[in-house]
Amino acid sequence: MSQKLLLHALHHVAPAVSSRSIIPLLSGILLQADSQRLRLSASNTSMMLQYELPAEDNRNIVELGGSVVIPALYFIDIIRHCPSSMVTLECDNSLIVSIRSDTSVYHLSGMNAEEYPRMAGDSRSNKVSLQSSLLAGLIKKVAFAVSASEFKPILTGVSFTVEGKQLRLLATDGVRLASQVTNALQHP
């Protein structure tokens, strides 16, 4: 697969990797491959990020599907420094992941993917689509009202509510209240 595309995907999920977790699996990135895609997932105790690379692309070929959790820091560093534009990933039955690029070969001990936390509501009926620039604009308009105090953790985030094709963002710090609504949702 393309080293550049894989590195791009890793940079998208890396912010969710837990750096100081008591759960070793959360310091890794879950790779799930099938005939249609390679899905990368990273999670900590408060969020999960996923990125999918399509397998039909000539640069991304999945010969045999499977899943494994790879230690994130080592994996990202290896992919970043690969000498070639093409990278091959292989995992054996003992969860040893081989990363090949030109004449370089790296081996990492993987972890069992079955124990990795699953994304809540992972059914297609719960998913909506929205242009990223519109979502960023909506968040920017309500973020000023988010509480900076950790005494009330429930007020340190933005509430997202979906009803039909309507998305409502709501933020408050107990004094200020900000709300934004859009009707631009699409259901895949």
Side-chain angles (χ1 to χ4, degrees), residues 1-130 132 135-136 139 153 156-158 160 188:
M1 77 174 23
S2 165
Q3 181 259 0
K4 193 175 270 189
L5 288 175
L6 182 56
L7 187 60
H8 180 76
L10 287 169
H11 283 300
H12 276 282
V13 299
V17 173
S18 185
S19 58
R20 291 175 275 130
S21 176
I22 58 171
I23 305 169
L25 280 174
L26 296 183
S27 65
I29 294 176
L30 172 65
L31 275 78
Q32 297 169 296
D34 61 31
S35 61
Q36 298 175 347
R37 74 187 62 83
L38 172 64
R39 177 183 293 148
L40 291 84
S41 303
S43 178
N44 56 38
T45 56
S46 62
M47 75 170 159
M48 177 179 260
L49 296 176
Q50 288 186 338
Y51 193 94
E52 290 186 4
L53 293 167
E56 5 357 287
D57 189 341
N58 290 337
R59 296 171 292 186
N60 302 327
I61 299 169
V62 176
E63 291 181 12
L64 185 63
S67 58
V68 66
V69 178
I70 301 176
L73 295 177
Y74 293 122
F75 187 45
I76 293 169
D77 200 40
I78 289 169
I79 298 302
R80 181 184 299 121
H81 293 100
C82 277
S84 170
S85 62
M86 293 304 286
V87 175
T88 302
L89 303 174
E90 296 175 12
C91 183
D92 63 19
N93 291 337
S94 60
L95 298 177
I96 301 297
V97 178
S98 300
I99 304 166
R100 299 179 197 287
S101 178
D102 278 343
T103 58
S104 301
V105 179
Y106 304 90
H107 299 285
L108 292 174
S109 293
M111 295 172 268
N112 188 349
E114 297 299 318
E115 299 170 16
Y116 200 81
R118 300 290 174 217
M119 183 175 272
D122 199 20
S123 70
R124 289 286 173 195
S125 63
N126 294 333
K127 300 207 179 191
V128 294
S129 295
L130 182 67
S132 60
L135 179 60
I139 293 171
T156 61
V158 176
F160 287 74

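At a threshold of 4.5 Å between non-hydrogen side-chain atoms, the residues Leu49 and Val17 do not count as touching. In this structure, the side chains of Ser98 and His107 come closer than 4.5 Å at one or more pairs of heavy atoms. For the pair Val13 and Gln50, the minimum side-chain heavy-atom distance is 4.5 Å or more. For the pair Leu89/Val68, no side-chain contact is recorded, criterion being any heavy-atom separation below 4.5 Å from C-beta on. Using a 4.5 Å heavy-atom threshold, the side chains of Tyr51 and His8 count as touching. Side-chain contact between Leu30 and Ser43: absent, with no pair of heavy atoms (C-beta onward) separated by less than 4.5 Å. When side chains are defined from C-beta on, Phe75 does not count as touching Val97, because their heavy atoms never get closer than 4.5 Å.
Note on residues 98-113: pairs passing salt bridge (Lys or Arg N to Asp or Glu O under 4.0 Å), not counting sequence neighbours, are Glu90-Arg100. Applying the salt bridge (Lys or Arg N to Asp or Glu O under 4.0 Å) test to every pair with at least one member in residues 65-83, sequence neighbours left out, gives these pairs: Asp77-Arg80.
Considering CG of Leu95 and OG of Ser67, their distance stands at 9.0 Å, rounded to 0.5 Å. Here the OG-CD1 distance, from Ser132 to Ile139, works out to 10.5 Å after rounding to the nearest 0.5 Å. The CG atom of Leu31 sits 4.5 Å away from atom CD1 of Ile70, with the distance rounded to the nearest 0.5 Å. Going from atom CZ of Arg39 over to atom CG of Leu53 covers 11.5 Å, rounded to the nearest 0.5 Å. Taking CD1 of Ile78 as the start and CG of Leu7 as the end, the distance is 12.5 Å to the nearest 0.5 Å.
Remark: Tyr106 OH is packed, more than 12 non-hydrogen atoms of other residues, nucleotides or ligands lying under 6.0 Å away.
Nearest heavy atom pair, residue Met86 against residue Ser101, reads O-OG, 3.5 Å. Closest approach of Ile96 and Ser109 over heavy atoms only: CD1-OG, 3.8 Å. Met1 and Leu38 get closest at one heavy-atom pair: CE-CD2, 3.2 Å. Annotation for Ile99 and Val87: closest pair CG2-CG1, 3.8 Å, computed over non-hydrogen atoms. Contact record, Pro117 with Leu26: CG-CD2, 3.7 Å, taken as the closest heavy-atom pair. The two residues Ala16 and Met47 come nearest to each other via the heavy atoms CA-CE, 3.8 Å.
Partners of Asp92 under the salt bridge (Lys or Arg N to Asp or Glu O under 4.0 Å) rule, at least two apart in sequence or in another chain, do not exist in this structure.
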